[in-house]
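For reference, the structure discussed in these notes is given below.
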Amino acid sequence: MKVVTVGVDGSPKSLAAVEWAADDAARRGAWLRIVHVVDRSPYRFVHSPELESQIAWVTGQIMTAAEKTARHRRPGLGMRLEHIEGRPAEVLRRLAAESSGLVLGSRGMSRTAGGILGSVSTQVAGHAAGPVVIVRDRPADRVGEVVIGLDDAADCRRPISYAFEQASLHNAEIRALHAWSLPCHAYAPEVDYDLNAVRARQRSVAAGLLDRHRRRYPALPVVDDLRLAHPVEALVDASLRAGLLVVGSHGRSGSTVMGSVSRRVLRHARCPIAVVRPCARH
């Protein structure tokens, strides 16, 4: 059975993530798994009944609020609640590999309150085998478009597949954004470029990346958005009107960790952002 996992810590951002995850699970016909991770490492030298009682009380409050939010958002949705002990980033990366998607709020509470989001979300996004969606605000009732950032220097197949899947689930259009900049040659700064030829080349690259996905989803409207701009600026600008922004986790170097473009977009995007690794394993 498919499962969508959401990490919670009781903060408003994590409850927004619960709503997004509940919607996603309902559209997929999946279970919703609500997870709260307790990191005991700050208290490893402390043993007291009072601490145990407080942890149990806080966990109960967090899970009750998350369950109430999910049931209000999607009545009748199948769900299960899990309280897991461990290092949050490690636990969440493992759960992401077992899920159709892992959803997190963009910022959570403090570490001492069991917070698993905020900095943890950046540790998980880009390192998890499965898609990781970072949510900032409560989801809109309808997603206008799903933006996919194309990168001709990296393997974009899984990010593109996820974007088309989400657009199909939301009955939304795809905006395929391919932003590129002209290289600056230190030894020949006066070099001129045939912009028409460069645009034609970039258009051909974008078409090649999208061709298989267009054939798989022939009914989905696709907007080809080719921009002479820095990728971060273009993606953040597109996020102002998007319902979801999908990027790959890699840098142009092919690194398995999140590249600089993805990290910067993650900080500045104004809509939910899905970070998808190019392949499940390296």
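Note that the structure is a prediction, hence the values are computed from the model and not measured.
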Validation row: Ile273, Leu244 side chains within 4.5 angstrom (heavy atoms): no
Is there a side-chain contact (heavy atoms from CB on, under 4.5 Å) between Val132 and Val276? Walk through the geometry before answering. CA-CA 7 Å; Val132 178; Val276 184; over 6 Å; no
Gln166 and Arg27: CA distance, side-chain angles, deciding distance, side-chain contact (heavy atoms from CB on, under 4.5 Å) verdict: CA-CA 10 Å; Gln166 283 289 343; Arg27 293 187 181 100; 6.0 Å; no
Determine yes or no for a side-chain-to-main-chain donor-acceptor pair under 3.5 angstrom, with Ser48 supplying the side chain and Leu51 the backbone. yes
Mind checking whether Arg157 and Arg212 have side chains closer than 4.5 Å, heavy atoms only? yes
Can you tell if the side chain of Glu173 reaches within under 4.5 Å of the side chain of Leu220, non-hydrogen atoms only? no
Minimum side-chain heavy-atom gap Leu150-Leu210 below 4.5 Å: yes
For the backbone of Gly105 and the side chain of Ser14, can you confirm whether one donor and one acceptor N or O come within less than 3.5 Å of each other? no
What's the separation between atom CG in Leu104 and atom CD1 in Ile134, rounded to the nearest 0.5 Å? 4.5 Å
Can you confirm whether Glu233 sits close enough to Arg264 that some side-chain heavy atom of one is under 4.5 Å from a side-chain heavy atom of the other? no
Taking atom CZ of Arg214 and atom CG of Leu209, what is their separation to the nearest 0.5 Å? 11.0 Å
What one should report as the nearest heavy-atom pair of Val120 and Pro88 is CG1-CB, 4.1 Å
His170 side-chain N/O to Ala172 backbone N/O, donor-acceptor pair under 3.5 Å: no
Would you call Arg94 and Glu90 a salt bridge, using N to O less than 4.0 angstrom? no
Is the backbone N or O of Val8 less than 3.5 Å from a side-chain atom of His36, with the two atoms forming a donor-acceptor pair by type? yes
Any side-chain to backbone donor/acceptor pair from Ser100 onto Lys2? Under 3.5 Å, distance only. no
Using the rule given for side-chain contact (heavy atoms from CB on, under 4.5 Å), can you reason through Arg175 versus Val146, listing the C-alpha separation, both sets of side-chain angles and the distance that settles it, and then say yes or no? CA-CA 6 Å; Arg175 177 173 297 275; Val146 175; over 6 Å; no
Going by an N to O cut-off under 4.0 Å, is there a salt bridge joining Glu165 and Arg28? yes
At what distance, to the nearest 0.5 angstrom, does CG of Leu15 lie from CZ of Arg73? 12.5 Å
What's the separation between atom CD in Glu145 and atom SG in Cys271, rounded to the nearest 0.5 Å? 9.0 Å
So, His178 versus Arg227: side-chain donor-acceptor pair below 3.5 Å or not? no
Backbone of Phe164 reached by a side-chain donor or acceptor of Ser168 within 3.5 Å: no
Backbone N/O of Ala65 and side chain of Thr69: donor-acceptor pair under 3.5 Å: yes
Heavy atoms, side chains only, cut-off 4.5 Å: are Val247 and Val261 in contact? no
Honestly curious: do Val223 and Leu240 fall in one hydrophobic cluster under the side-chain, below-4.5 Å linking rule? no
Could you go through the side-chain contact (heavy atoms from CB on, under 4.5 Å) check for Leu245 and Val265 one step at a time? CA-CA 9 Å; Leu245 174 62; Val265 171; 3.5 Å; yes
Close side-chain approach of Arg93 to Arg87, heavy-atom, < 4.5 Å: no
Can you name the salt bridge (Lys or Arg N to Asp or Glu O under 4.0 Å) partners of Arg138, sequence neighbours left out? Glu19
Which residues pass the salt bridge (Lys or Arg N to Asp or Glu O under 4.0 Å) test with Glu82, not counting sequence neighbours? Arg80
Between Thr59 (side chain) and Ala56 (backbone), is there a donor-acceptor pair under 3.5 Å? no
With sequence neighbours excluded, what pairs up with Tyr162 under the ring-ring contact (aromatic ring centres under 6.0 Å, His included) test? none
Is the side chain of Thr64 donor-acceptor paired with the backbone N or O of Gly60 at a distance under 3.5 Å, no angle test? yes
Starting at CD1 of Ile62, measure out to CD of Glu67 and round the result to the nearest 0.5 Å. 14.0 Å
So which atom in Val3 and which in Glu98 form the shortest heavy-atom distance, rounded to 0.1 Å? CG1-O, 3.5 Å
Donor-acceptor pair, Lys13 side chain versus Arg136 backbone, under 3.5 Å? yes
Quick check for you: to the nearest 0.5 Å, what is the distance between Asp225 atom CG and Ile148 atom CD1? 12.5 Å
Residues Arg241 and Asp237 bridged, charged N to O under 4.0 Å: yes
Hydrophobic cluster identity match, Leu77 and Leu169, side-chain contacts under 4.5 Å: no
So, Arg263 versus Thr122: side-chain donor-acceptor pair below 3.5 Å or not? no
Closest non-hydrogen atom pair, Val103 against Ala21: CG2-CB, 3.8 Å
Ignoring hydrogens, what is the shortest heavy-atom contact between Ile84 and Val91? Give both atom names and the distance. CG2-CG1, 4.0 Å
Salt bridge or not for Asp224 and Arg203, using N-O below 4.0 Å? no
Non-hydrogen atoms of Pro231 and Ala179 that approach each other most closely: CA-CB, 3.8 Å
Do the non-hydrogen side-chain atoms of Val4 and Val6 ever get within less than 4.5 Å of each other? no
Leu177 and Ala234: which non-hydrogen atoms are nearest, and at how many Å? CD2-O, 3.5 Å
